[in-house]
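Here the structure is a predicted model, which means the values were calculated and not measured. Lettering follows sequence order; numbering is per chain, from 1.
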Number of protein chains: 2
Amino acid sequence: MNYEKYSIGQLAKKTACKVETVHYYEKVGLMPEPPRTEGGHRIYSLPHVKRLNFIRRSRDLGFRIEQVKELLKFIDEPNHYCGEVKEMAMQQARVVQEKIDDLQRLKSALNEMVTHCTAGDKPVDDCPIVDALYTENSTNKAT
Amino acid sequence: MNYEKYSIGQLAKKTACKVETVHYYEKVGLMPEPPRTEGGHRIYSLPHVKRLNFIRRSRDLGFRIEQVKELLKFIDEPNHYCGEVKEMAMQQARVVQEKIDDLQRLKSALNEMVTHCTAGDKPVDDCPIVDALYTENSTNKAT
DNA sequence: ATAGAACCTATAGTTACTATAGGTTCAAGG
DNA sequence: CCTTGAACCTATAGTAACTATAGGTTCTAT
């Protein structure tokens, strides 16, 4: 397979990622050390593009670097024990579901505020969003 | 108005916030420099509790420190309008919805993988997780 | 051949805290 | 009144996950 070759700058452009971030991902072990030119410049190809895309998207979804490493194991070790792969995928799916639930609650809270705040031209004194965030929550009576 | 007085520890407890975090909020200008005792200990009262509550809740909703400062300006300076607050909340809700959508896609991919694994000894080369995250946002085919 | 864009490494800065060190003050018990 | 120890004080360092800078080298196109 003679893939098209990319410089780190081209890779970065293709993945909407900064060059420094690619360096960083290499340093922390998310990206492999690629081949180099005579002069020491990194040479990338399509699999690197895909991998970096995967990393970026996973990060955007709120996965931590260490979690992304876990996810990448699915790719790096395709001959994994089937049961093990299944277990990891299921565990990850549970984590994802929890995140979805959290965000859903958050969105509801925001939306509720917005719908209560009907008028745009009221002074903030009357703004229910401000009120909602400002009011002391009832569970902190204890000394 | 002789409000009840609180030490920083009591304030922290009331707002489920750490003492160090209160220090930090003071340093970055979210919390005001409160009056002190002879010996230099900070003295807080109810308005501080409310303000810190507002800050914590806003942070939990995903607003950044700078955004919280914006929101607090609405409170500190009365010449603002409800519409400005509403707009920020709506923007935040849109961001959250995008995250939810992304996570939903990832969860589907993970679940799909789990069912693949259930089938038995299928290789994971054709990984649905990679596909899910390597979406067709790749408008970057051309150089 | 040479200009300058892009690359290299290493280090420091960013955000939003959290933890630590080393010292001072406060409140309670003797 | 004096002591003890919890809680407070300031200042600094550490964390995650980048991002930016400095100072130097290589690649590429004229």
Side-chain angles (χ1 to χ4, degrees), chain A residues 4-45 48 51-72 95 99 106 142-143, chain B residues 4-45 48-49 51-72 92 95 99 143:
Chain A
E4 202 177 332
K5 303 300 180 192
Y6 309 111
S7 70
I8 194 169
Q10 292 170 320
L11 173 70
K13 206 167 198 176
K14 269 193 171 314
T15 53
C17 181
K18 303 205 171 158
V19 169
E20 293 81 10
T21 308
V22 183
H23 284 154
Y24 173 73
Y25 286 157
E26 186 180 315
K27 199 164 67 184
V28 300
L30 285 183
M31 290 294 286
E33 289 183 28
R36 305 268 187 142
T37 63
E38 282 289 292
H41 286 200
R42 289 167 178 82
I43 303 166
Y44 294 100
S45 51
H48 296 108
R51 189 184 184 90
L52 184 51
N53 245 320
F54 180 90
I55 294 166
R56 287 309 304 157
R57 300 266 295 147
S58 302
R59 292 286 304 120
D60 285 348
L61 292 176
F63 288 99
R64 307 216 151 170
I65 296 276
E66 286 308 312
Q67 290 179 301
V68 179
K69 278 186 187 172
E70 290 289 304
L71 289 169
L72 283 169
V95 170
K99 271 181 203 288
L106 204 156
T143 45
Chain B
E4 201 178 331
K5 302 301 180 192
Y6 308 111
S7 70
I8 195 168
Q10 292 170 319
L11 173 71
K13 205 167 198 175
K14 266 192 171 321
T15 53
C17 182
K18 301 201 173 163
V19 169
E20 293 82 13
T21 308
V22 182
H23 284 154
Y24 173 74
Y25 286 158
E26 186 180 316
K27 200 164 66 185
V28 299
L30 285 183
M31 289 296 284
E33 289 182 29
R36 304 270 186 140
T37 63
E38 283 288 295
H41 286 200
R42 289 169 179 82
I43 303 166
Y44 294 101
S45 51
H48 295 108
V49 178
R51 190 183 183 90
L52 184 50
N53 247 321
F54 181 91
I55 296 166
R56 288 308 306 159
R57 299 247 262 146
S58 301
R59 291 286 302 119
D60 285 349
L61 290 177
F63 289 99
R64 307 190 132 203
I65 294 278
E66 286 307 311
Q67 289 180 301
V68 179
K69 275 187 188 170
E70 291 288 305
L71 288 169
L72 283 169
Q92 198 60 29
V95 170
K99 276 181 203 283
T143 38

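- Side chain of A:Arg56, nearest nucleotide from D:dC18, D:dC8, C:dA16: D:dC18.
- A distance of 8.0 Å separates OH of A:Tyr6 from CD of A:Gln10, quoted to the nearest 0.5 Å.
- Closest non-hydrogen pair, B:Gly9 versus B:Val19, comes out as CA-CG2, 4.0 Å.
- Residues B:Ile55 and B:Thr15 fail the side-chain proximity criterion, which asks for heavy atoms closer than 4.5 Å.
- Distance check: B:Ser58 OG to B:Lys69 NZ gives 14.0 Å after rounding to the nearest 0.5 Å.
- Atom CD1 of A:Ile43 and atom CG of A:Leu11 lie 12.5 Å apart (nearest 0.5 Å).
- A 4.5 Å side-chain heavy-atom check between A:Val22 and A:Arg42 finds every atom pair outside the cut-off.
- Put simply, CD1 on A:Ile55 is 14 Å from C1' on D:dC18, counting in whole angstrom units.
- One interatomic measurement links the two molecules: CD1 of A:Ile43 to P of D:dT26, which rounds to 15 Å at whole-angstrom precision.
- Counting to the nearest Å, the C1' atom of C:dC17 and the OH atom of B:Tyr25 are 8 Å from each other.
- One finds the OG1 atom of A:Thr21 at 10.5 Å from the CZ atom of A:Arg59 (value rounded to the nearest 0.5 Å).
- Side-chain contact between B:Leu52 and B:Tyr44 is absent, with no heavy atoms from C-beta onward closer than 4.5 Å.
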Short N/O separations, protein against nucleotides 19-22 of chain C, under 3.5 angstrom:
none

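- Residue A:Tyr44 contributes atom OH, which lies 14 Å from atom C1' of C:dA6 at whole-angstrom precision.
- In this entry the distance linking CZ of A:Arg64 with P of C:dC17 reads 13 Å, nearest Å.
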A:His48/A:Lys14 under side-chain contact (heavy atoms from CB on, under 4.5 Å): CA gap, chis, key distance, verdict | CA-CA 11 Å; A:His48 296 108; A:Lys14 269 193 171 314; over 6 Å; no
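- Nucleotide C:dT15 holds its P atom 13 Å from the CD atom of B:Gln67, rounded to whole Å.
- Each of C:dC17, D:dT10, C:dT9 was ranked by its minimum atom distance to the side chain of A:Arg42; first place goes to C:dT9.
- Contact check for A:Tyr24 versus A:Ile65: side-chain heavy atoms found under the 4.5 Å cut-off.
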What do the steps show when you test A:Tyr25 against A:Arg51 for side-chain contact (heavy atoms from CB on, under 4.5 Å), and what is the final call?
-> CA-CA 11 Å; A:Tyr25 286 157; A:Arg51 189 184 184 90; over 6 Å; no
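- Within residues 26-40 of chain B, the residues having any heavy atom under 4.0 Å from DNA chain C are, by residue number, B:Thr37, B:Gly39.
- Between D:dA16 and A:Tyr24, no contact under 4.0 Å exists linking OP1 or OP2 to a side-chain N or O.
- The distance from atom CD of B:Glu66 to atom CD of B:Glu70, rounded to the nearest 0.5 Å, is 7.5 Å.
- A straight line from CZ of A:Arg59 to C1' of D:dT19 spans 14 Å, rounded to a whole angstrom.
- Among the nucleotides D:dA17, C:dC8, C:dC17, the one closest to the side chain of A:Ile8 is C:dC8.
- The C1' atoms of five pairs define one axis at each end of the helix from C:dA1-D:dT30 to C:dG30-D:dC1, and these two axes lie 10° apart (to 10°).
- The 5' end of DNA chain D is approached more closely, in terms of each residue's nearest nucleotide, by B:Ser7 than by the other of A:His41 and B:Ser7.
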